[in-house]
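These notes concern the structure reproduced below.
These numbers come from a predicted model, not from an experiment.
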Amino acid sequence: MALTDEQLELLGNQLVPLYQELEQDVIADIARRVKKTGRYTETAELMARALMEQGYSPARIQREVMKVLRADKEYQMAVAEHTKEYKQYVAGEISRVVAEAKEQGNSVVAEAGNMAFNADLSLWEQAGKSLSRPSGFRQLVDAMAVQTSGELKNLTKSLGFKNVGFTALENVYQYQLDLGLIKLTSGAYSWQRVVDDCVRELAQSGLRTIDYKSGRSMQLDTAVRNCIRTASSQLAGKVTMLNMDSTGESLVEVSQHWGTRSDGSCGHSDHAYWPGKVYTIDRGAHGAESRRLGYPIRNLEDATGYPSDPLGLCGYNCRHTFYVFFEGVSEPNQWEPEPEPVMVNGREYDYYHAMQRQRQMERQIRATKREIEAQKALGGDTKELQSRLRKQTADYKRFSADVDIRPKNERLRVQAGSSNLKYNGGKKTANNVIIHSDGTYNKGAIQMIENIERKNNEKGNANAITHFGTGLNKRQTYLLEQLSGYDSRCVVSKKNVKLSDLSALTAQTGVEFAMFTKGSERLIIRGDERSVNVSKSYALELKLLGYRWSGHTHPGIDDFCLMPSSGDKEILSIFSQDCTAIYNSTGKWYVLEKEVY
């Protein structure tokens with residue numbers, strides 16, 4: 001079974017912080033170098049202002065000031081040194097990121113493969129059929145990991161910033177310096193304004209990767225997210241095909257979602273043409289099943305292009321999925337119709353264009369955050385930028401509410417990078433290293449280690465229980481005594497239990513727990529390794545009694561175990577609340593928001 005949109009979003013976001021850190025470091029490095037060059041331009045700046053006051057033309061001012069700068073050997077040497085250091089710095093940072101991305105990417109792809117197989121296993125079990133992991137599963141995952149690593153590396157071969165055109169990353173420092181000098185020699189700019197403009201331009205562009213054949217560039221963090229999402233989706237499709245081949249199944253159903261892009265071709269690239277139907281992966285007629293469904297069953301590749309056409313199903317950044325459809329057993333999904341267009345500020349938005357507007361607003365928010373981080377690295381004033389960010393964020397939330405589409409807060413995040421590290425000749429020297437290669441500690445590091453050890457040895461801490469076996473505290477122990485077996489329940493005072501306590505209980509027992517709150521009391525229910533026994537009818541009963549679903553736990557230590565199941569979503573839809581929490585065995589949590597249709 002293909003992965004859900006939430007799973008793909010989580011997988012896609014795993015590597016984004018690594019590339020955002022690279023982006024933020026490069027922007028801060030360029031801005032620092034431009035700012036440092038300013039110490040050599042003070043005479044030129046004064047000269048330009050004087051000539052402007054005397055009425056000289058901008059062209060004359062520029063010629064005269066550039067003569068002075070070209071004759072200044074100290075200035076020329078500083079520029080040459082910065083240019084050399086910058087290019088070495090960029091090359092080193094890219095090599096580091098490529099190596100880290102390869103290691104992290106392998107883990108993400110492996111997790112995507114496991115998630116896809118487990119989803120398939122659930123479908124086979126629901127149909128009363130058995131499924132075992134095929135012999136070629138490991139080779140399939142490894143091959144996709146190699147392919148993904150290569151694609152991520154290719155993204156870093158054509159990096160740069162967008163200005164009038166596109167400037168390759170290795171030339172950006174020199175470009176910004178030249179642009180700054182043109183502004184300075186006009187007589188209307190101070191060097192500080194040159195630096196501020198440099199930061200703003202780089203932040204608004206963001207570090208981008210370009211396809212030189214098409215001339216189209218894309219922000220690097222977006223390109224990485226799409227790359228991982230696409231790879232995970234394609235791997236899930238291949239896992240499903242492998243499972244179908246091993247069990248002899250031959251029908252699949254393709255998913256359908258709102259906001260599908262369409263080019264009107266009625267072909268592979270028209271993603272509004274083929275979703276929501278059943279297809280065959282062989283060339284059989286399947287006459288009886290066609291009559292049951294009420295339409296001819298076409299071949300999957302003929303209709304959607306899967307797996308050969310990158311413009312079709314599971315192609316680049318495609319959000320459609322497919323899963324096994326058991327002939328004579330499965331019932332086709334009844335897909336909700338897309339909402340009618342809405343008017344916002346005098347403009348009509350259908351679902352697709354509303355989502356595109358959301359993505360545009362998210363990019364603008366990230367650009368402002370990049371500018372804030374770069375100014376912080378330079379010690380600049382960020383009050384106006386913070387004010388702009390608050391307005392952009394409020395506008396984004398308001399628009400999302402107006403079009404009734406959940407805001408994707410995870411896409412507003414920007415990794416701060418290491419711009420708070422000391423700058424030293426184009427190299428990073430971390431102040432927060434705990435232990436050096438010679439075995440010596442930084443000042444304060446021993447106390448830090450002792451604090452960490454003391455915290456991790458506290459009883460009742462879910463992370464400590466999971467990794468150090470510290471055990472439950474007295475209050476949690478008493479609670480577990482009331483919940484000794486599967487489906488046992490107890491009602492306790494609200495002040496005596498929190499969701500972090502349930503996380504600790506899950507760390508101790510390896511099973512799920514759920515919490516429902518009404519006034520000053522809380523109902524706790526114990527489940528097993530996979531679920532808590534709360535049916536839709538029981539959830540409705542709890543709602544009518546005035547309970548809210550505070551949250552529940554999923555056993556496991558990684559972020560992936562936090563992903564909600566379809567059952568979790570169904571239960572949340574019954575309650576009159578917008579969200580609930582999911583905790584894992586280490587105390588991490590995920591906010592499950594109600595889906596809006």
Side-chain angles (χ1 to χ4, degrees), residues 1-5 7-9 11-13 15-16 19 101-102 105 108-109 112-113 116 136 139-159 208-242 244-245 252-257 259-277 279-282 298-323 352 355-356 359:
M1 178 179 177
L3 303 174
T4 66
D5 206 45
Q7 289 172 322
L8 289 173
E9 186 75 13
L11 290 164
N13 286 333
L15 267 68
V16 167
Y19 288 86
K102 180 179 180 180
V108 171
V109 170
Q139 293 91 326
L140 189 66
V141 172
D142 289 346
M144 182 56 75
V146 171
Q147 176 184 323
T148 304
S149 175
E151 290 174 357
L152 289 172
K153 186 174 182 179
N154 285 337
L155 290 179
T156 64
K157 289 182 179 179
S158 55
L159 296 178
R208 306 176 78 89
T209 179
I210 187 171
D211 179 353
Y212 284 106
K213 290 183 180 179
S214 66
R216 182 172 180 265
S217 69
M218 178 183 292
Q219 289 184 347
L220 182 60
D221 55 357
T222 300
V224 168
R225 181 184 289 111
N226 289 346
C227 177
I228 298 297
R229 279 182 61 107
T230 301
S232 300
S233 177
Q234 290 178 345
L235 177 59
K238 290 181 178 181
V239 168
T240 293
M241 296 294 274
L242 192 65
M244 292 178 67
D245 184 61
V252 298
E253 183 176 18
V254 175
S255 69
Q256 184 171 314
H257 64 77
T260 300
R261 63 182 187 267
S262 173
D263 60 9
S265 67
C266 296
H268 300 165
S269 59
D270 189 348
H271 287 228
Y273 179 64
W274 37 256
K277 298 177 183 177
Y279 297 95
T280 176
I281 61 174
D282 60 20
R298 298 178 61 194
N299 176 265
L300 181 67
E301 185 169 12
D302 291 346
T304 70
Y306 183 86
S308 58
D309 190 346
L311 298 178
L313 175 63
C314 294
Y316 183 71
N317 203 28
C318 172
R319 292 172 54 209
H320 290 106
T321 61
F322 68 90
Y323 33 84
Y352 174 78
M355 287 200 307
Q356 293 305 300
R359 301 295 86 77

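- Pairing each heavy atom of Cys318 with each of Trp274, the nearest pair is SG-CH2, 4.5 Å.
- Under the 3.5 Å distance criterion, the side-chain polar atoms of Ser232 are left unmatched by any main-chain donor or acceptor of Ala112.
- Atom SG of Cys314 sits about 10.5 Å away from atom CG of Leu235, to the nearest 0.5 Å.
- The nearest pair of heavy atoms linking His320 to Leu313 is CB-CD1, 3.7 Å.
- Atom CG of Asp282 and atom CE of Met244 lie 8.5 Å apart (nearest 0.5 Å).
- To the nearest 0.5 angstrom, Ser233 atom OG is 13.0 Å from Tyr316 atom OH.
- Summarising the geometry, atom CG belonging to Leu300 is positioned 12.0 Å from atom CD belonging to Glu253; distances are rounded to the nearest 0.5 Å.
- Contact record, Thr230 with Gly315: CG2-O, 3.6 Å, taken as the closest heavy-atom pair.
- Expressed to the nearest 0.5 Å, how far CE of Met241 lies from NZ of Lys238 amounts to 11.0 Å.
- Shortest non-hydrogen contact noted between His271 and Leu311 is NE2-O, 2.8 Å.
- Counting only heavy atoms from C-beta outward, the side chains of Thr222 and Arg359 never approach each other to under 4.5 Å.
- The minimum heavy-atom distance between Phe322 and Val252, with the atom names listed, is CD1-CG1, 3.8 Å.
- Nearest heavy-atom pair across Asp270 and Ser262 is OD1-OG, 2.8 Å.
- Taking CG of Asp245 as the start and OG1 of Thr240 as the end, the distance is 12.5 Å to the nearest 0.5 Å.
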task: Could you go through the side-chain contact (heavy atoms from CB on, under 4.5 Å) check for Leu152 and Tyr19 one step at a time?
output: CA-CA 10 Å; Leu152 289 172; Tyr19 288 86; 3.7 Å; yes

